[in-house]
Amino acid sequence: MRIIDRIQAVISEYIVQKGYEATGWIVEIPKDKKIADYATNISFKLSATLKLSPMIIADQITPEIVKIFEEKMSGAFEIFALRGFINFKLKSNYCFEYIGNDGFSLKLVESNKKVLLEYVSANPTGPLHIGHGRWAAMGDTLKRILVHVGYDVDTEFYINDAGNQIANLLLSIEARRNNLPLPEDGYAGEYVKDLVKEADPIQAVLLQQTDILRKFKVTFDRWFSEKKELHENGFVNSAVSVMKEKGLTYEQEGALFFRSTDFGDDKDRVLIKADGSYTYFAADIAYHKNKVDRGYNHLINIWGADHHGYIKRVKAALFSLFGDKVELEVLLGQLVSLFRNGEEVRMSKRTGEMITLEEVIEDIGCDAGRFFLVSKQADTALDFDLELAKKQTSDNPVFYVQYAHARICSILNTSQIKAELDEDIVVEEIEHSLMRYLVHFEDELMIAVQNREPHRIATYLMELANMFHSFYHQCKVISDDKKLSANRLAIISAIKKVLATGLDLLGVSAPEKM
RNA sequence: GCGCCCGUAGCUCAGCUGGAUAGAGCAACGGCCUUCUAAGCCGUAGGCCAGACGUUCGAAUCGUCUCGGGCGCGCCA
């Protein structure tokens, strides 16, 4: 249980025991962490029923709360009232013990859900672009943090290797081979020239995508082929049959409709077109049913924001088949607008104007690319200027964090003194602040998990690195004073653990030297 | 027209399940390397949190509306 939850529990018990009535109170992390690490607004919420001002209430109950915490969490905090809030300030020794020798034991979630996280899922009709890179970085980091706190999660890439886009690409290649004009809406991109030589162009594109994702340190537990595993083996057909049997469909004007309006959609959707072929939607229902058939009961999809209109109907379909036994969560990532020297580059596989993910990674590197892409909230449209990114490579925030880690390694290597923390020897304010901030890693991680916001890890690491660098310039770690040195070595080794863990969750390396 | 997302420093963005004085990086300016890594540190400057009204003891945060930007509304995928 996190510290914040334990505080909540203890105060909750106290409220009940005293017979107070209060609702809506919380334990929170103050914006200004200089004041305290945790604070509760309980006095504000009691003020209505007790008819006293929050300050007075806080002053009265704080001594009692101090006493209870002496019993339940001895030595953990300094507790004091300030402007109506009751504040909890962590003590350094407690922090050090809490972090422990192996870092946190961050098994924060008990879940019997089997999660399938699906992301990227690009058409194999061309190179991946920077937007795919964003979903890739986000999805991979999300998987890492979910697993880290105890979820059972597999990842999957859905290969859209059936349908018109594929046919269209093949026609374009065929046209090129025979020196014929491109079909209307054909693919004009440069990369198509290279595909002309390939016996199996689709497979070639797919391999290229796999390869670049691997370079980006993004791997999947499974690559799922729409063509092979849904169409060729008749799975779409059987899924649609199930829907028919359940009375979820009707025929009209030669087409088969799904009654999705019965499940919250805006209009009924076609499953089988009048010409007898399946819609993309039908295949997608089959795909999601397939996931459930394979034993997953919590599906998470990361989609580009341009697909948001599609969510309702997929949820409708899944609900019509499985009710609330299966949860579908769709995370939308806003698109990435690419700029080159301040001018927007409109990307299109068809027209061929594009900057690929591969180019970006080669220009700025995997670590910098991942950190940049995952450090921004996903539902904000992102502007990415390639020239700027190249120019700023050396002051990319990722190096700031990595540098902190390398610096620590360097110091640790030059000393053989055993790290040991003694609260009384922690002299500087920044040292206390650092120890306290380390404990908040669990809080940031949980918020990141709960809100599906991996960017919070990056923000946290920036802040931690900032505090460390500041500490480094204020405090000499290794000195003639053995006890002081041992103390500071303990502090920096704790920082190192958290930095390394955090960077790993982002899929970014933690170098020992830079 | 209807629906979703966004609007915070010159630029790129944090902060948003209501809390204490609005933050960081880059860019600008001024300092700091005979000392564990200067890819660093310290300082200065920079803001009507798009705007208005409302809810509240308290609003960048919640609600309604307006303005501005992005995206979506196929028997395409």
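Every chain is numbered from 1, with letters handed out A, B, ... down the list of sequences.
- The shortest distance between the side-chain N/O atoms of A/R456 and the OP1/OP2 oxygens of B/C16 is below 4.0 Å.
- A/T141 places no side-chain N or O within donor-acceptor distance of the main-chain N or O of A/M138, the cut-off being under 3.5 Å.
- For RNA chain B, none of the residues of residues 480-491 of chain A falls under the heavy-atom distance limit of 4.0 Å.
- Look at A/Y310 and you won't find any side-chain N or O under 4.0 angstrom from OP1 or OP2 of B/G74.
- Residue A/Y472 places no side-chain N or O under 4.0 Å from the OP1 or OP2 atom of B/C42.
- Using a 4.0 Å cut-off between charged side-chain N and carboxylate O, A/D37 and A/K89 make no salt bridge.
- In terms of phosphate contacts, A/S410 brings a side-chain nitrogen or oxygen within less than 4.0 Å of OP1 or OP2 of B/U37.
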From CA spacing to verdict: ring-ring contact (aromatic ring centres under 6.0 Å, His included), A/F88, A/F80: CA-CA 7 Å; A/F88 298 79; A/F80 58 95; 8.9 Å; no
Strand RNA chain B as a dot-bracket string - pairs counted if Watson-Crick or G-U with both distances under 3.5 Å, | where the partner lies in another strand: (((((((..((((.....[...)))).(((((.......))))).....(((((..]....))))))))))))....
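- Taking the centre of each ring, A/H473 and A/F468 stay at or above the 6.0 Å mark.
- Residue contacts shown for A/D284 are absent, as no nucleic acid heavy atom lies under 4.0 Å away.
- In this structure, A/F85 packs face-to-face on the six-membered ring of B/A20, meeting both the 5.5 Å centre cutoff and the 30° plane limit.
- Under 4.0 angstrom from either OP1 or OP2 of B/A39 there lies at least one side-chain N or O belonging to A/Y403.
- No donor-acceptor contact under 3.5 Å links the side chain of A/H307 to the base of B/G72.
- Taking 90° from 0 as the syn/anti boundary, the base of B/C33 is oriented syn.
- For the pair A/K291 and A/E156, the salt-bridge criterion is not met [side-chain N within less than 4.0 Å of a carboxylate O].
- In the set B/U37, B/G72, B/C75, B/U37 carries the atom at the smallest distance from any side-chain atom of A/K513.
- Residue-level contact check: A/C475 touches the bases, meaning some heavy atom is under 4.0 Å from a base atom.
- Between A/K273 and B/A77 there is a side-chain N or O to OP1 or OP2 distance below 4.0 Å.
- A donor N or O paired with an acceptor N or O is found under 3.5 Å between the base of B/A20 and the side-chain atoms of A/N87.
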